[in-house]
Structure formats: C-alpha cells, structure tokens
Amino acid sequence: MNAKHILIVEDEQPIREMVAFALANAGYDVQEAADARQAQIRISERLPDLMLLDWMLPGISGIDYARRLKKDDLTRDLPIIMLTARAEEEDTVQGLESGADDYMTKPFSPRELVARIRAVLRRGGPAGEDEILRANGLSLDLASHRVSAGDTLLEMGPTEYRLLEFFMAHPERVYSRGQLLDRVWGSNVYVEERTVDVHIRRLRKALEQHGFDALVQTVRGAGYRFSTRV
Ligand code: CA
C-alpha cells in the first residue's frame with residue numbers, strides 16, 4: 001500500500017501526538033515538527049503529500065510560513081490544512097488567503113480531521129481516484145457518484161448528491177445555510193437561503209426509506225449537521 005505522507009507542524013505536544021496517533025491509525029505515514037524550522041528539515045528529507053499547520057507557532061507564525069511555502073517552487077502545490085484555535089471569520093479568511101487549502105478550528109475530532117484530509121487530498125490528487133465515504137451503512141462512491149445503503153442504490157438529484165458528499169466529508173459539524181450555499185453551491189451563485197431547506201428535504205426523502213434521513217440533523221437557530229450520533 002502506498003500510504004500518503006502527512007507532516008504535522010504543531011508546537012503543542014499533546015495535540016501533535018493526538019493527531020499523529022489518529023492519522024497513523026487511519027493508515028497515514030506521519031511525521032512531526034514543532035515549528036517552521038523543524039518542518040523545513042523534514043521537508044528537505046522528504047516532501048509530504050499534505051501539511052497540517054498550526055496557526056500559532058513560536059518563531060514564524062503558521063500564516064507566514066504558509067505564505068513562504070506557497071512562494072517556494074518545491075512546496076507551491078503542497079496542500080495545507082491550517083489548525084486554528086480562533087473561530088473569528090476574519091482570521092480564517094486570512095488563513096485561506098495565505099494559501100491554506102482548508103482550516104480546522106480546535107478542538108476537532110480525529111474522525112473529522114481524517115475526513116477533511118481525504119477531501120483535500122482528493123482535490124489535489126488524480127481524478128477518478130477510488131474513494132468511498134461511509135457513515136454507518138451509508139456509502140458514497142466519489143468515482144461513480146453512487147450512493148448506496150448496503151446493496152441498494154439510492155436515487156437522488158445532483159444537488160442532493162453534492163450536499164450529501166459535502167456532509168459526509170465534514171461530519172459532526174454545524175453549517176449555517178449561508179455556509180452550505182458557499183461550500184456546495186459556490187460563493188458566486190446567488191441563491192436564497194430557503195433553497196437549502198428545499199434540498200435538505202429532498203435529501204432526507206432520498207435517505208428516508210433506509211432510515212438514514214436521521215443523519216441529516218437540524219440544529220435549531222444554527223443550521224444543519226451530518227452526524228451518526230443522535
Ligand atoms: Ca500552537
């Protein structure tokens with residue numbers, strides 16, 4: 001098996017070790033660095049497939065380091081997921097502008113992190129990669145765009161499929177209607193927020209027959225969440 005190589009750059013040792021442990025369990029080849037200087041040494045030894053980069057690092061900050069990596073020919077295409085303890089919208093925008101491909105706000109579950117890593121690696125990887133997202137007995141095949149419950153194929157429209165794909169890649173996290181519009185419909189599209197509710201309803205209907213509609217949960221006053229927990 002050709003394991004993907006992930007470099008974790010994080011100065012807080014307990015977090016770094018927790019993440020390293022979770023990723024090794026998920027089958028990744030993991031290396032650790034406590035700051036940008038150590039990360040550069042690791043990179044010179046072997047270029048990772050993806051970097052998890054903490055925002056607040058001693059010395060060069062995660063953001064400045066991400067900017068540097070994007071200027072360097074060797075690391076320009078290296079996917080970066082920023083790890084941040086801050087939740088302010090402005091900060092995450094700044095993080096993404098620095099060249100990060102995605103960000104995660106601490107604390108996060110290892111499961112969610114693995115799903116995000118898969119999603120980012122898929123974007124950068126060769127098309128048609130054989131990948132399947134799973135939740136309980138529900139599976140979504142990214143290559144064929146097929147959704148199945150056990151042996152049964154589930155019928156749904158293209159928007160419901162994209163919504164489900166987004167949810168399955170980002171489980172256990174609440175998204176507002178506006179965020180779902182940005183992430184699933186695209187930020188340049190003008191659609192009313194009510195549209196999200198319509199497609200959520202259709203998605204639940206498509207999943208209902210097999211009881212998987214319960215995975216698409218309404219969080220009152222906040223939005224929607226995909227969760228295998230009740
Ligand atoms: Ca830190």
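One-based numbering, in listed order, for ligands and for the atoms of each.
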With A149 via side chain to side chain contact (heavy atoms under 4.5 Å, CB included) - residues at least two apart: L154, H210, F212
Atom name in D54, limited to N/O/S, at shortest distance from the Ca ion (ligand 1): OD2
Q179 side chain to S176 backbone, donor-acceptor under 3.5 Å: yes
Identity of the N, O or S atom of D11 lying closest to the Ca ion (ligand 1): OD1
Verify same cluster id: M51, M56 (apolar side-chain graph, 4.5 Å): yes
Any residue meeting side chain to side chain contact (heavy atoms under 4.5 Å, CB included) with R173, in chain and number order, not counting sequence neighbours: Y103, E112, R116, Y175
The Ca ion (ligand 1) - name of the N/O/S atom of E12 that sits closest to it: OE2
